[in-house]
A.B. asks: 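Take this structure first; my questions come after.
Numbers here simply count residues along the sequence, with the first being 1. Whatever order the structure lists them in is the order used to number ligands and atoms, beginning at 1.
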Amino acid sequence: MRLQGKVILITGAASGIGRSSAILFASEGAKVIVNDLSEEKGEETAAEIRAAGGEAVYMKADVTDPASVSPMVDEILKQFGHIDVLFNNAGISGVGALHEIEPDMWDRVVNVNIRGVYVPSKYVLPHMMERKSGSIINMSSCIAEIGLGKRAVYAATKGAVLSLTKSMQVDYAPYNIRVNALLPGTILTPFVEKYLRESYDNPEEAYEGLKKRQLSGDLGRPEDVAKAALFLASDESKFMMGSPLYIDGGVTSGKNA
Ligand SMILES: NC(=O)c1ccc[n+]([C@@H]2O[C@H](COP(=O)([O-])OP(=O)(O)OC[C@H]3O[C@@H](n4cnc5c(N)ncnc54)[C@H](O)[C@@H]3O)[C@@H](O)[C@H]2O)c1
């Protein structure tokens, strides 16, 4: 029970890494707020956790919209009294070289992936500052550290999240709030399955190619990232501040010849 009694808000928790983290955190004793735009899948995730004996509620909010995030944070504080951990996980992809990206796609990806970290943090931080306690986990990606084809806007946003994490850490360290970033490699989630379907004529062949890119020889699974998130959410990581944590099958450190 590494998260016993902790109240944890996870954004984008109806699918993939967020969903897997919600299930794992609850199994470690956390009270989990499953936030997502998708009501059906969000309710499903929360119900699955409760059926397994854990504590979870679904709360709908668009992470880019202060008018929906602010009341959600108020509601969490009303129901649970405090928030120990904010996991800014919600994010979307955007495929294309820079000249191929339409301005509306650029704006959408920047909005969800960067503003979607800023807005929930803005409303949770004053509360954590008052308590002088908290852990914020921002979802970056190993793409913040390496170049990858046809991911211009996505890479730009994940680099921004890593920079944001480091500067946030400086501002909030005096309040005993830790801010760290997760840098996953390619993880087999609906997000990546969609990318494979939409970007390749032969998704199976592309999947085999992706596997070869990993030193591990396979893609990661949502649980692999959830376990790293669990470490950052728990007090076990109390000496980690403003750090990037790689969970990438070795992609950042080297590549296959
Ligand atoms: N899958 C990977 O290979 C990978 C690698 C590195 C980083 N990441 C990052 O991990 C995070 C989760 O990715 P995933 O693969 O689990 O994706 P996913 O698509 O399976 O899940 C993302 C969830 O976010 C929700 N969401 C999107 N926009 C939202 C908004 N405005 N407000 C609230 N919820 C919203 C979606 O409804 C969805 O349920 C993303 O930030 C992604 O960029 C993923």
A.B. asks: Can a side-chain donor-acceptor contact be found between Tyr207 and Tyr200 if the only test is distance below 3.5 angstrom?
C.D. replies: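 Judged by distance alone, the side chains do not pair up.
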
A.B. asks: May I ask you to say whether Lys6 pairs ionically with Asp235, meaning some side-chain N is under 4.0 Å from a carboxylate O?
C.D. replies: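 A salt bridge links Lys6 with Asp235.
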
A.B. asks: Does a side-chain N-to-carboxylate-O contact under 4.0 Å join Glu208 and Lys212?
C.D. replies: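 No salt bridge links Glu208 with Lys212.
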
A.B. asks: Closest non-hydrogen protein atom to atom 39 (O) of ligand 1, residue and atom name please, with distance?
C.D. replies: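 Closest protein heavy atom to atom 39 (O) of ligand 1: Asp36 OD2, 2.7 Å.
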
A.B. asks: Could you establish whether Gly185 and ligand 1 come within less than 4.0 Å of each other, counting only heavy atoms on the residue side?
C.D. replies: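 Contact present.
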
A.B. asks: Go through the side-chain N and O atoms of Asn88 and Ser121 and say whether any donor and acceptor fall under 3.5 Å apart.
C.D. replies: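 Yes, a side-chain donor-acceptor pair sits under 3.5 Å.
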
A.B. asks: With distance as the sole criterion, is a donor-acceptor pair present between the side chains of Asp36 and Ser38 under 3.5 Å?
C.D. replies: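 No, no side-chain donor-acceptor pair sits under 3.5 Å.
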
A.B. asks: Looking only at protein heavy atoms, which one is nearest to atom 11 (C) of ligand 1, and what is the separation?
C.D. replies: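 Result for atom 11 (C) of ligand 1: Asn89 O, 3.1 Å.
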
A.B. asks: Which protein non-hydrogen atom lies closest to atom 34 (N) of ligand 1, naming both residue and atom, and how far is it?
C.D. replies: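 Looking only at protein heavy atoms, the one closest to atom 34 (N) of ligand 1 is Leu37 N, 3.5 Å.
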
A.B. asks: Suppose I only count heavy atoms of Thr186 and a 4.0 Å limit; which atoms of ligand 1 are within that range?
C.D. replies: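 It comes down to these atoms of ligand 1: 3 (O).
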
A.B. asks: What protein heavy atom sits nearest atom 27 (C) of ligand 1, and how far off is it?
C.D. replies: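 For atom 27 (C) of ligand 1, the nearest protein heavy atom is Ile92 CG2, 4.0 Å.
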
A.B. asks: Taking 4.0 angstrom as the limit, do Asp74 and Lys78 come out as a salt bridge?
C.D. replies: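 So Asp74 does not pair with Lys78 through a salt bridge.
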
A.B. asks: For atom 8 (N) of ligand 1, what is the closest protein heavy atom, and at what distance to 0.1 Å?
C.D. replies: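 Among all protein heavy atoms, the one nearest atom 8 (N) of ligand 1 is Tyr154 OH, 3.5 Å.
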
A.B. asks: Any Lys/Arg nitrogen of Arg50 or Glu55 sitting under 4.0 Å from an Asp/Glu carboxylate oxygen of the other?
C.D. replies: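 Not counted as a salt bridge, because no side-chain N and carboxylate O are separated by less than 4.0 Å.
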
A.B. asks: Among the heavy atoms of Lys41, does any lie under 4.0 Å from an atom of ligand 1?
C.D. replies: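 It does not, in that no heavy atom of Lys41 comes within the 4.0 Å cut-off of ligand 1.
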
A.B. asks: To which protein heavy atom is atom 10 (O) of ligand 1 closest, and what is the distance rounded to 0.1 Å?
C.D. replies: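 For atom 10 (O) of ligand 1, the nearest protein heavy atom comes out as Met139 CG, 3.2 Å.
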
A.B. asks: With heavy atoms of Ile17 as the reference, note each atom of ligand 1 found under 4.0 Å away.
C.D. replies: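 Counting from 1, the qualifying ligand atoms are 10 (O), 16 (O), 44 (C).
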
A.B. asks: For Ser141, take its heavy atoms, then give the atoms of ligand 1 lying under 4.0 Å from any of them.
C.D. replies: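 Near Ser141, meaning under 4.0 Å from one of its heavy atoms, ligand 1 has 6 (C), 7 (C).
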
A.B. asks: Output the list of atoms in ligand 1 that are nearer than 4.0 Å to some heavy atom of Ala61, sorted by atom number.
C.D. replies: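 Numbered from 1, ligand 1 contributes 32 (N), 33 (C).
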
A.B. asks: Look at ligand 1 and say whether Ser140 reaches it with a heavy atom at a distance under 4.0 Å.
C.D. replies: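 So Ser140 counts as touching ligand 1.
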
A.B. asks: What is the nearest protein non-hydrogen atom to atom 28 (N) of ligand 1, stated with its residue, atom name and distance?
C.D. replies: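 It is Val112 CG1, 3.8 Å.
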
A.B. asks: With a 3.5 Å distance limit and no angle check, can you tell me whether Thr157 reaches the backbone of Asn113 through a side-chain donor-acceptor pair?
C.D. replies: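 No, Thr157 side chain to Asn113 backbone: no donor-acceptor pair under 3.5 Å.
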
A.B. asks: Could you establish whether Gly116 and ligand 1 come within less than 4.0 Å of each other, counting only heavy atoms on the residue side?
C.D. replies: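 Not so, Gly116 does not reach ligand 1.
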
A.B. asks: For atom 18 (P) of ligand 1, what's the nearest protein heavy atom and its distance?
C.D. replies: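 Residue, atom and distance for the closest contact: Ser15 OG, 3.6 Å.
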
A.B. asks: With atoms numbered from 1 as shown, which atoms in ligand 1 lie under 4.0 angstrom from a non-hydrogen atom of Gly16?
C.D. replies: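 Near Gly16, the atoms of ligand 1 are 16 (O), 20 (O).
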
A.B. asks: Mind checking whether Ser38 has an N or O less than 3.5 Å away from an N or O of ligand 1?
C.D. replies: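 Checking ligand 1 against Ser38, no N or O pair falls under 3.5 Å apart.
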
A.B. asks: With atoms numbered from 1 as shown, which atoms in ligand 1 lie under 4.0 angstrom from a non-hydrogen atom of Val192?
C.D. replies: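 Per the distance check, 1 (N), 2 (C), 3 (O).
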
A.B. asks: May I ask you to say whether Glu44 pairs ionically with Arg19, meaning some side-chain N is under 4.0 Å from a carboxylate O?
C.D. replies: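 So Glu44 does not pair with Arg19 through a salt bridge.
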
A.B. asks: For Ala13 and ligand 1, answer yes if some heavy atom of the residue is under 4.0 Å from a ligand atom, otherwise no.
C.D. replies: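 For ligand 1, residue contact (heavy atoms, under 4.0 Å) with Ala13 is absent.
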
